[in-house]
Structures are given as structure tokens and as C-alpha cells.
Protein chains: 2
Amino acid sequence: MGPGKADLLEAIDRVGSISAGAREMGMSYKRAWDLVDTMNRCFKQPLVATATGGSHGGGAHVTEFGHDVLRRYRAMECKANDCVSAELHELISLLSPFGED
Amino acid sequence: MGPGKADLLEAIDRVGSISAGAREMGMSYKRAWDLVDTMNRCFKQPLVATATGGSHGGGAHVTEFGHDVLRRYRAMECKANDCVSAELHELISLLSPFGED
DNA sequence: GATCGCTACATTTAATGAAATATAACGAAG
DNA sequence: CTTCGTTATATTTCATTAAATGTAGCGATC
């Protein structure tokens, strides 16, 4: 679980399908599907439930469990960020302004 | 910068060369050298200084700047860890006991 | 000659992208 | 009422590409 998967989860929750979520995030459908598959297999219960077929071809939605994980993750991310914000910026100030080059 | 690079930095500091540090960490010399190279290029100043040739063929040591970065990184890691420890364990308890499978 | 830093090349592995297939609700004929 | 085509998606397969890794050798110094 990281910021990328969390963003994808939110996108899927917003638009109602993996493919539309992928488009919104500018990634390939396969990449999005792989991320969803990884999340669903990593946790005890699926975070995303999917349906194939139907008038709109199918769709996906974030489960109650998925919302719970997402909420916990975002809370943790935020808390950790606040907690070391000062130290982090000090460390970043030691980085080269040119990146790796 | 992550736990792996920090560990490598400490190993190099302990044993005095990239190759011995790599052996100690169970990685190839090339991998260790690449990590050191990345660190040296990412920061404003090198974290590791090297010498080729000499009585023992050369060696490497962590610079004063490198020690500073390492100390800051470890402090931050520890603080962030403590800060979200409870939440992190709650989240981990939601993971499948079988990993991705 | 020994040991190490460093580099270039080959190889193996992982990520990516594109394309083919499967699915099921829906509506329009018939 | 039944069949069929349409539709937008999920899912899988396969080829391609990029990245990581391993191998082998060179130059340096004591």
C-alpha cells in the first residue's frame, strides 16, 4: 500500500470502474488492474469488487473494507507526514538540486 | 534514501570498503556500488569517499556529510515509526497472513 | 600478487503495452 | 417470447521493452 494505490482506490470510488479510473490517472488499464489485483490478494478481504458484463459493460466499486483500509492509510500517511515534516525538509535540503544527475 | 541504503552506509562505515560491505549484506559488489553511486549523485556532497589501490587494494569510508545524513535519516525513521506505530499495526492486522498469494 | 574501485557487456528478470477473449444487461427486431 | 447485436467493461495472453542483476576484466596502489 502506498500513495499510488490509495489514489487509484479513490479514483475507482469516484468513477465506478477500473478502466475509467485508469484513464483518469493516466495509466494503462492493465497496470490499474494489476494494482487492484495485488491489493485484493494482499489483504484479508478484497478492497475492490468487480462486475463484468451488463448494460455498461461492468464496473468496480470500493468495498466497505476497502474504504476502511483507505481511511486508515490516509490517516497514517498524514500523521507520519506531520510528525517528521521539519526533519524531512532538512533532509531534502541536503539533496542535490539536479536530482540524480 | 531508504532502510537498505542506510544499512549499507553503516556496513561500509563498519568494514571500510564497498566490497566487504556488500559481502556482509549479502549483495553483489555491483549492486552496492550502484547504490553508493546513486547516493553520492543524489546529495549535494558525496556520502561515501573511495580510494583505489593501496595496501588493501583501496577502500571506502563514510564522509562527515554522510554521517550527518545517516543520523538525520535514522532519527526521522525512528520518529515516524514511533508516531504511527499503533495505526501501522492495526493496518498490518488487516493484511492477509499469506502475503500476496 | 593481492584487493579493491570502477566499467562495459551479457543475461536474466520485471514492467509495460497491445491485442484477443469473456461477460452480461439491455433493447430492437422477428 | 426468443434471439441477436450492441455496449462498455473485466480478464487473460502474448510480445515487446525497460530495468535490474550478474560476469568478466581493467587500472590502481602497496
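Values reported hereafter were calculated over all heavy atoms of this structure, with side chains retained and with hydrogens, waters and symmetry mates removed. Chain naming here is simple, since letters A, B, ... match the order of the sequence lines and numbering starts at 1 in each.
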Practice prompt. Rounded to the nearest angstrom, tell me the gap between atom NE2 in A/His56 and atom P in D/dT6.
Written response: 18 Å
Practice prompt. For the pair A/Asp82 and A/Lys79, evaluate salt bridge (charged side-chain N to carboxylate O under 4.0 Å, His left out) and give the outcome as yes or no after the intermediate values.
Written response: CA-CA 5 Å; A/Asp82 287 356; A/Lys79 193 170 175 184; over 6 Å; no
Practice prompt. Round to the nearest Å and state the distance from A/Arg23 atom CZ to D/dA10 atom C1'.
Written response: 13 Å
Worksheet entry | For atom CG of A/Leu35 and atom P of D/dA10, their distance in whole Å | 14 Å
Discussion item. Under 4.0 Å, counting only non-hydrogen atoms across every strand here, what does B/Gly54 touch: a base, just sugar-phosphate, or nothing?
Written reply: base
Worksheet, complete the sentence: From the candidates D/dA10, C/dC6, C/dA25, the one with an atom nearest any side-chain atom of B/Thr50 is C/dC6
Worksheet item: Can you find a heavy atom in the side chain of A/Met1 that is under 4.5 Å from one in the side chain of A/Leu9?
Response: yes
Worksheet item: What is the nucleic acid contact for B/Ala20, judged by heavy atoms within less than 4.0 Å: base, sugar-phosphate only, or nothing?
Response: nothing
Item to complete: Please determine if a side-chain N or O atom of B/Trp33 lies less than 4.0 Å away from the OP1 or OP2 oxygen of C/dC6.
Response: yes
Practice prompt. Would you indicate whether the side-chain heavy atoms of A/Glu90 and B/Met76 approach each other to under 4.5 Å?
Written response: no
Worksheet item: So do the side chains of B/Glu100 and A/Thr38 get within less than 4.5 Å of each other, counting heavy atoms only?
Response: yes
Worksheet, complete the sentence: DNA chain D nearest-nucleotide lookup for A/Gly16 and B/Ser55: closer to the 5′ end is A/Gly16
Item to complete: Decide, yes or no, whether a salt bridge links B/Arg31 with B/Asp34 under the criterion of side-chain N to carboxylate O below 4.0 Å.
Response: no
Response to the item:
d(A/Asp7 CG, A/Leu35 CG) to nearest 0.5 Å is 11.0 Å
Protein and nucleotides 20-27 of chain D: nitrogen or oxygen contacts under 3.5 angstrom:
{"residue": "D/dT21", "atom": "OP2", "partner": "B/Arg31", "partner atom": "NH1", "Å": "2.6"}
{"residue": "D/dG22", "atom": "OP2", "partner": "B/Ser28", "partner atom": "OG", "Å": "3.3"}

